[in-house]
Enquirer: 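Submitted below is the structure of interest, expressed as structure tokens.
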Amino acid sequence: MSDENKNNAESSNPGEVNYVYQNRRYVGRKETVGFVLWDAAQSFNINTYSGRFVTNVLQIDLGLQAIEQTINGIWDVVNDIFMGAIIDKTRTRWGKFRPYLLLLAVPGLILTSLYWLLPILFAGRTSMDITKFVFYFVLAFIREGIGTFQSIARTGLLSTITPHPVDRTRLITLANFASGTFGEKLPEQITTVILDLIDNKVLTKTFNATQKQLYLVTFVGMGLFTTIVSSGMSMWFFMNSRERIMQSVESPSLKQSFKSILNNKPILLLTLSDFLSSFGLSGSKQDYYVDVLHFASMALIAGIPAAPLSPVSYTYVPWLRRKFSSKVLYIFSRYIDNILKVPIFLIGCVGMKKDFSGGIYQNKWAMCVVMMVWEIIWTLFYGLKSVIGTEMYNESMDYCEWKNGYRTEAMTSVAKGLAAKVANKVSSVLSTILKKAVNYNTSAYIEGREQPNSVKFYLFAMFTIVPALTSSFGIIPMLFYDLDGKKKEQMYNELLERRAAMQQKVNADTKEVTSASASESTGE
């Protein structure tokens with residue numbers, strides 16, 4: 001360890017260790033503001049209702065959706081590998097990841113806007129209309145390809161924006177705190193209230209319009225608005241951001257990329273955990289609130305007591321990180337959601353008859369109280385959940401550089417996401433097939449009709465007990481995660497020294513080239 005790093009590691013308080021990676025800050029105020037806007041843009045949408053949009057408003061048959069999900073899932077897996085390899089070999093003056101985010105921003109905006117306009121473009125077509133389905137399928141296919149480039153580049157940019165993990169944690173924590181406090185979910189909340197007013201016939205009388213017409217205007221209008229605003233917020237950050245971790249001059253070969261994944265224990269464990277968790281079957285909370293309780297605003301009302309706790313939950317994240325290992329924090333924050341859903345299911349089944357009628361799960365006010373308690377407990381860990389997973393991935397990228405001498409953010413991101421995507425696509429297709437198998441009526445919602453009691457119980461179970469039972473196997477790999485304490489301190493000490501040496505070499509080479517050019521221009 002160098003003298004400078006030794007001094008950094010010493011603490012002014014006896015008996016307390018002040019790790020070297022806790023002492024530096026690189027990202028300035030303007031870029032921090034941009035990062036906060038960018039983070040908010042990721043959630044400034046109504047994507048939580050995208051499934052309902054496709055099924056009930058655009059009206060694509062569930063069987064056709066299963067076909068699209070299967071084919072697009074295969075394409076998603078295939079394109080990840082090639083696009084990850086392309087990005088890992090990228091070396092430009094603007095960085096490794098920013099060029100893709102800048103170049104694909106406008107095409108992404110246009111295609112997403114087109115997605116929300118589909119019900120107008122194909123108005124009056126049936127759910128089995130092939131022309132509508134083919135157009136939807138091709139659009140989804142292209143958006144998936146662009147989305148892959150953007151997703152890999154976003155992940156890579158976050159891991160290279162600063163070389164210090166605590167600086168990254170500061171950015172992630174601040175961004176999640178600010179965006180959560182100042183309304184990133186506002187479009188979703190407004191849409192939720194509007195859907196309830198339509199579902200309960202309030203707006204149909206006010207505007208003298210049918211439910212179908214009002215649903216169409218709501219989804220198309222909010223979809224286009226959020227797409228345009230979030231794209232603008234993202235573009236501003238891309239224009240003002242920097243990549244600060246230097247890549248190796250020679251881009252790694254495909255073989256080296258795969259090697260860097262196989263010998264990266266942290267990323268292998270995170271990948272396996274994601275893979276096992278993603279096999280879990282689950283339904284939509286919105287489907288339960290809307291189709292069973294006819295109370296979409298349950299998401300807002302149940303969250304009122306917990307709302308003040310959301311910003312508070314970020315304040316003790318640094319303390320938790322100092323007191324507990326990463327694996328403990330990761331396991332608890334990620335799986336507390338499913339653990340709490342078991343008692344929700346048991347309470348909901350009280351009073352249920354053999355034909356699935358009755359039961360507390362159909363009583364919106366009783367379930368509102370239950371969900372309030374769930375929201376309060378879950379929100380206490382919201383800040384930790386928002387930070388810990390992202391930061392553990394970024395640390396695994398630093399581990400790759402430490403172990404191999406080069407970084408493979410793109411291919412590692414692909415490998416990590418690929419396993420989860422395969423499992424997720426399988427579970428998504430199965431969930432869609434099951435929804436069709438229980439005779440879910442896709443037109444009942446916009447026509448104001450009820451689903452059968454058996455379908456209502458299915459939607460409740462798929463939101464609660466089913467994911468709780470099928471997603472918990474991801475805990476097992478994380479029990480072996482060990483990138484903490486002294487091992488992490490050693491890694492960052494050595495990385496800081498290597499990066500400083502690399503920067504000095506680049507500066508010396510640049511100075512030599514500049515001097516040579518000056519000599520040639522003067523004729524010496």
Enquirer: Begin with the C-alpha distance, continue with both residues' side-chain angles, and end with the deciding distance and a verdict on side chain to side chain contact (heavy atoms under 4.5 Å, CB included) for S230 and N45.
Expert: CA-CA 8 Å; S230 61; N45 55 55; 5.9 Å; no

Enquirer: Does the side chain of Y445 come within less than 4.5 Å of V290's, by heavy atoms?
Expert: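 When only atoms from C-beta onward are counted, Y445 and V290 do touch, with a gap below 4.5 Å.
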
Enquirer: Identify which one of V54, L58, V57 satisfies the side chain to side chain contact (heavy atoms under 4.5 Å, CB included) criterion when paired with L118.
Expert: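 For L118, the side chain to side chain contact (heavy atoms under 4.5 Å, CB included) test succeeds with only one of V54, L58, V57, which is L58.
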
Enquirer: Using the side-chain hydrogen bond (donor to acceptor under 3.5 Å, both in side chains) rule, take Q65 and T55 through it: C-alpha gap first, then chi angles, then the decisive distance, then the call.
Expert: CA-CA 9 Å; Q65 286 188 50; T55 301; 3.0 Å; yes

Enquirer: Return the CG to CD1 distance between L340 and I336, rounded to the nearest 0.5 Å.
Expert: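 The CD1 atom of I336 is 4.5 Å from CG of L340, to the nearest 0.5 Å.
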
Enquirer: Which residue in the set L197, T191, L195 passes side chain to side chain contact (heavy atoms under 4.5 Å, CB included) when paired with V193?
Expert: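 The residue from L197, T191, L195 that satisfies side chain to side chain contact (heavy atoms under 4.5 Å, CB included) with V193 turns out to be L197.
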
Enquirer: Would you say the side-chain atoms of S113 pair up with the backbone N or O of L224, donor to acceptor, closer than 3.5 Å?
Expert: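 The answer is no, because no donor-acceptor pair under 3.5 Å joins these two groups.
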
Enquirer: Strictly under 6.0 Å, is that where the ring centroids of F295 and Y289 end up?
Expert: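 Ring centroids of F295 and Y289 are no less than 6.0 Å from each other.
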
Enquirer: With rounding to the nearest 0.5 Å, note down the distance linking CD in Q211 to NZ in K201.
Expert: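 Q211 CD to K201 NZ: 4.0 Å, rounded to 0.5 Å.
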
Enquirer: Looking at D287 and K435, is any side-chain nitrogen of the basic one under 4.0 Å from a carboxylate oxygen of the acidic one?
Expert: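 So K435 pairs with D287 through a salt bridge.
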
Enquirer: When you measure from the side chain of S313 to the backbone N and O of G383, does any donor-acceptor pair fall under 3.5 Å?
Expert: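 Indeed, once roles are kept as given, a pair shorter than 3.5 Å links the two residues.
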
Enquirer: Ignoring hydrogens and angles, state whether a donor on the side chain of S471 or Y335 is under 3.5 Å from an acceptor on the partner side chain.
Expert: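 No, Y335 and S471 have no side-chain donor paired with an acceptor closer than 3.5 Å.
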
Enquirer: With side-chain hydrogen bond (donor to acceptor under 3.5 Å, both in side chains) as the test, would you mind laying out the steps for E144 and T148 before giving the verdict?
Expert: CA-CA 6 Å; E144 174 57 47; T148 296; 3.2 Å; yes

Enquirer: Students often mix this up, so state it plainly: with edges at 30° and 60°, are the rings of W75 and F141 parallel, tilted or perpendicular?
Expert: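 Parallel.
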
Enquirer: Does Q451 use its side chain to pair, donor to acceptor, with the backbone of N441 at less than 3.5 Å?
Expert: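 The answer is yes, because a donor-acceptor pair under 3.5 Å joins these two groups.
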
Enquirer: So, do T131 and V134 sit near enough that their side-chain heavy atoms are less than 4.5 Å apart?
Expert: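 T131 vs V134: side chains apart.
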
Enquirer: Take F237 and E31 through the test side chain to side chain contact (heavy atoms under 4.5 Å, CB included) and record every step on the way to the result.
Expert: CA-CA 7 Å; F237 172 67; E31 195 172 352; 4.2 Å; yes

Enquirer: For the pair T442 and D61, evaluate side chain to side chain contact (heavy atoms under 4.5 Å, CB included) and give the outcome as yes or no after the intermediate values.
Expert: CA-CA 8 Å; T442 58; D61 178 75; over 6 Å; no

Enquirer: Hey, can you tell me if F35 and W38 have their rings parallel, tilted or perpendicular (30° and 60° cut-offs)?
Expert: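 Ring orientation of F35 relative to W38: perpendicular.
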
Enquirer: Treating R98 as the side-chain partner and S241 as the backbone partner, does any N or O pair qualify as donor plus acceptor under 3.5 Å?
Expert: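 Present.
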
Enquirer: Calculate, to the nearest 0.5 Å, the distance between atoms CZ and CG belonging to F44 and L37 respectively.
Expert: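 With rounding to 0.5 Å, CZ (F44) is 11.0 Å from CG (L37).
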
Enquirer: Does the S151 side chain pair with the main chain of G147, one donor and one acceptor, at a distance under 3.5 Å?
Expert: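 A pair under 3.5 Å: no.
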
Enquirer: Flag the pair Y382 / L309 as yes when at least one side-chain heavy-atom distance between them is below 4.5 Å, and no otherwise.
Expert: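 Not in contact.
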
Enquirer: Where does the angle between the aromatic ring planes of F463 and Y288 fall among parallel (under 30°), tilted (30 to 60°) and perpendicular (over 60°)?
Expert: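 Aromatic pair F463/Y288 classed parallel.
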
Enquirer: What's the verdict on side chain to side chain contact (heavy atoms under 4.5 Å, CB included) for T160 and M397, showing C-alpha distance, side-chain angles and the deciding distance?
Expert: CA-CA 9 Å; T160 58; M397 286 297 90; over 6 Å; no

Enquirer: For T48, run the side-chain hydrogen bond (donor to acceptor under 3.5 Å, both in side chains) check against E188, Q286, K285 and tell me which one passes.
Expert: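 When side-chain hydrogen bond (donor to acceptor under 3.5 Å, both in side chains) is applied between T48 and each of E188, Q286, K285, only Q286 qualifies.
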
Enquirer: As an exercise, state the distance from CZ of R154 to CZ of F238, rounded to the nearest 0.5 Å.
Expert: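 Spacing of CZ (R154) from CZ (F238) equals 7.0 Å.
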
Enquirer: Side chain of K385, backbone of W378: donor and acceptor closer than 3.5 Å?
Expert: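 Side chain of K385 to backbone of W378: no pair is present.
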
Enquirer: Verify whether the ring centers belonging to Y440 and Y458 lie closer than 6.0 Å.
Expert: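 Y440 vs Y458: aromatic centres not under 6.0 Å.
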
Enquirer: Enter the distance from F275:CZ to L268:CG here, rounded to the nearest 0.5 Å.
Expert: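 Spacing of CZ (F275) from CG (L268) equals 13.5 Å.
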
